[in-house]
Novice: 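Here you go, one structure.
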Amino acid sequence: MKAILVNQDNSLSWSDVENPIIKSEEVLVEIHCAALNRADLMQRAGDYPPPPGCPEWMGLEISGVIVEMGDEAKAKSDWKIGDKVCALLGGGGYAEYVAVKYDMLMPVPENCSMVEAAAIPEAFATAYLNLFIEGGIKEGNTLLMHAGASGLASVIIPMAKAFGIRVITSVLNENIKNNIKHLNADVVIDMSKEKTADVLKAELDAGHGVDVAIDCLGGSYMGECLHYLKHGARWIMIAALAGQKTEIDLKNIYVRNVRIVGSTLRSRTPEMKAHILSELVKNVFPKISEGKVKPTIYKVLPITEAEEAHAILERGENVGKVVLTVK
């Protein structure tokens, strides 16, 4: 089969590799589409190696069709050959085929294309993990989701809204603000014109303080914003794109009972990931089928144009997910 490999000069090539050999608890999926994540760029740069046993090539979420099953996968699951599925991977999605443990699979939701389905597993699992498991967010709460134009925000914002949560998000400029209107965030902060901390202070004073923040920026923004959260708020760090250091008023943390939580999906145990996917199918997939939550697709490119797909993420021009078609 073929897969996208990183060459010595850091370029990408669609190259011949060995076919996957499935274990007893695995199924073989013929990949139709693979969605991009910023973790792919980190892995390409050598900063985010795949877990042991995973293929060396990138790709954390795919859609496709089951073409082969191991004996244990047949015995312990309801999957069958020919089922359309989407899957959460430790790596290996930029390829024609991938071996997947049966409990890392989810059905393609009703009224959902294979392109859309490929954009579900990593982003939706990350959203569910941080909103409901780490964040413990509830109907009527207020969420702060930084980087409103990101692929993850394009999932988290509508997912939160579908569960009755008020959403504040931030973007770099007015043009991006206009581009994410369809996400229906309640407050969109234009960081070129206003300070996030000032807006959060005004929201807190008006009785709309933040209960949960999901932060992929970090940097000075974090320390500035921590002053203006509700008592008992949870600040969840998932990345630090704006800088790895900040200044925190520790007294504010303990006086307000604020919890700072570091969170990544990829580092979770297989058992925890399987639990998240099961909860996702039960609680969120009905809302996907009803059209209340959908992945936002920015661009679809063939797998042979993975280089350009990565460049789109590097330039930060995408509003939503970039998806590669394999079949």
Side-chain angles (χ1 to χ4, degrees), residues 1-23 26-68 84-101 104-105 113-123 126 150-152 239 241 264-267 295-327:
M1 72 168 188
K2 287 186 178 293
I4 291 288
L5 300 183
V6 181
N7 302 317
Q8 286 191 340
D9 63 358
N10 206 41
S11 64
L12 303 179
S13 60
W14 186 232
S15 304
D16 291 318
V17 297
E18 294 291 327
N19 288 340
I21 299 173
I22 64 169
K23 299 173 183 174
E26 292 179 331
V27 307
L28 186 66
V29 176
E30 178 187 65
I31 297 173
H32 286 206
C33 302
L36 271 67
N37 290 276
R38 190 155 290 276
D40 301 344
L41 306 185
M42 295 166 64
Q43 181 173 331
R44 180 180 176 183
D47 296 331
Y48 201 33
C54 290
E56 65 180 87
W57 42 93
M58 298 159 286
L60 301 178
E61 52 187 345
I62 55 103
S63 64
V65 175
I66 296 174
V67 294
E68 187 180 337
K84 292 181 178 180
V85 295
C86 50
L88 178 66
L89 311 175
Y94 289 17
E96 292 181 301
Y97 295 91
V98 67
V100 189
K101 192 167 181 286
M104 291 294 106
L105 297 172
S113 70
M114 293 296 264
V115 168
E116 290 171 326
I120 288 173
E122 172 77 12
T126 299
S150 66
L152 183 58
L241 301 177
T264 63
L265 178 64
R266 198 174 197 181
S267 63
T296 299
I297 307 300
Y298 176 73
K299 196 159 191 176
V300 181
L301 294 167
I303 189 75
T304 50
E305 295 183 25
E307 192 91 55
E308 170 56 21
H310 274 212
I312 290 170
L313 264 66
E314 291 278 13
R315 294 192 296 264
E317 68 182 55
N318 57 302
V319 178
K321 298 286 281 187
V322 178
V323 177
L324 298 169
T325 55
V326 182
K327 184 175 175 63

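All values derive from a computational prediction rather than experimental measurement. We use all heavy atoms of the structure for the numbers below, so side chains are in, but hydrogens, waters and symmetry mates are not.
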Novice: Is there a donor-acceptor pair closer than 3.5 Å between any side-chain N or O of Glu30 and the backbone N or O of Gly64?
Specialist: no
Novice: So, for Ala3 and Ala95, which heavy atoms are closest and what is the spacing to 0.1 Å?
Specialist: CB-CB, 3.7 Å
Novice: Pair Arg44, His310 - check side-chain contact (heavy atoms from CB on, under 4.5 Å), show working.
Specialist: CA-CA 10 Å; Arg44 180 180 176 183; His310 274 212; 3.1 Å; yes
Novice: How close do Pro50 and Pro55 get, heavy atom to heavy atom, and via which atoms?
Specialist: CG-O, 3.7 Å
Novice: Does the side chain of Ile62 come within less than 4.5 Å of Cys86's, by heavy atoms?
Specialist: no
Novice: Report yes if some heavy atom in the side chain of Glu96 is under 4.5 Å from a heavy atom in the side chain of Trp14; otherwise report no.
Specialist: yes
Novice: Decide yes or no on side-chain contact (heavy atoms from CB on, under 4.5 Å) for Val17 and Met1, but give the supporting numbers first.
Specialist: CA-CA 6 Å; Val17 297; Met1 72 168 188; 3.6 Å; yes
Novice: For the atom pair CG (Asp47) and CE (Met42), what is the distance rounded to the nearest 0.5 Å?
Specialist: 6.5 Å
Novice: Just wondering, do Arg38 and Leu241 contact through their side chains at under 4.5 Å, heavy atoms?
Specialist: yes
Novice: Go through the steps to decide whether Leu12 and Leu5 satisfy the test side-chain contact (heavy atoms from CB on, under 4.5 Å), and finish with yes or no.
Specialist: CA-CA 6 Å; Leu12 303 179; Leu5 300 183; over 6 Å; no
Novice: Please report the shortest heavy-atom distance between Ala117 and Ser63, naming the atom on each side.
Specialist: CB-CB, 4.0 Å
Novice: When you check the gap from the basic side-chain N to the acidic O, do Glu122 and Lys321 get nearer than 4.0 Å?
Specialist: no
Novice: Looking at Glu308 and Glu305, would you say the former's side chain and the latter's main chain have a donor-acceptor pair under 3.5 Å?
Specialist: no
Novice: Less than 4.5 Å apart, side chain to side chain, heavy atoms only: is that true for Ile22 and Glu68?
Specialist: yes
Novice: For Gly320, is there any backbone N or O sitting under 3.5 Å from a side-chain donor or acceptor partner on Asn318?
Specialist: yes
Novice: Can you measure from CG (Leu301) to CD1 (Ile312) and round to the nearest 0.5 angstrom?
Specialist: 5.0 Å
Novice: Show your working on side-chain contact (heavy atoms from CB on, under 4.5 Å) between Leu28 and Val98 and close with a plain yes or no.
Specialist: CA-CA 6 Å; Leu28 186 66; Val98 67; over 6 Å; no
Novice: Which pair of non-hydrogen atoms, one from Ala34 and one from Gly93, has the smallest distance, and what is that distance?
Specialist: CB-O, 3.5 Å
Novice: Taking all non-hydrogen atoms of both residues into account, name the closest pair between Ile31 and Gly92 and its distance.
Specialist: CD1-O, 4.2 Å
Novice: Please check: side-chain N/O of Gln43 versus main-chain N/O of Glu56, any donor-acceptor pairing under 3.5 Å?
Specialist: yes
Novice: Using the rule side chain to side chain contact (heavy atoms under 4.5 Å, CB included), only one of Leu105, Val67, Val65, Leu89 pairs with Val29; which is it?
Specialist: Leu105
Novice: Is there side-chain contact between Ile303 and Ile4, with heavy atoms separated by less than 4.5 Å?
Specialist: yes
Novice: For the residue pair Val6 and Met58, establish whether any side-chain heavy-atom pair is separated by less than 4.5 Å.
Specialist: yes
Novice: Side-chain donor-acceptor pair under 3.5 Å between Asp40 and Tyr94, yes or no?
Specialist: yes
Novice: For the residue pair Leu88 and Leu265, establish whether any side-chain heavy-atom pair is separated by less than 4.5 Å.
Specialist: yes
Novice: I'd like to know if the side chain of Asp9 and the backbone of Ser11 have a donor-acceptor N/O pair within less than 3.5 Å.
Specialist: yes
Novice: Using only atom types and a distance under 3.5 Å, with no angle test, would you say the side chain of Arg266 pairs donor to acceptor with the backbone of Leu60?
Specialist: no
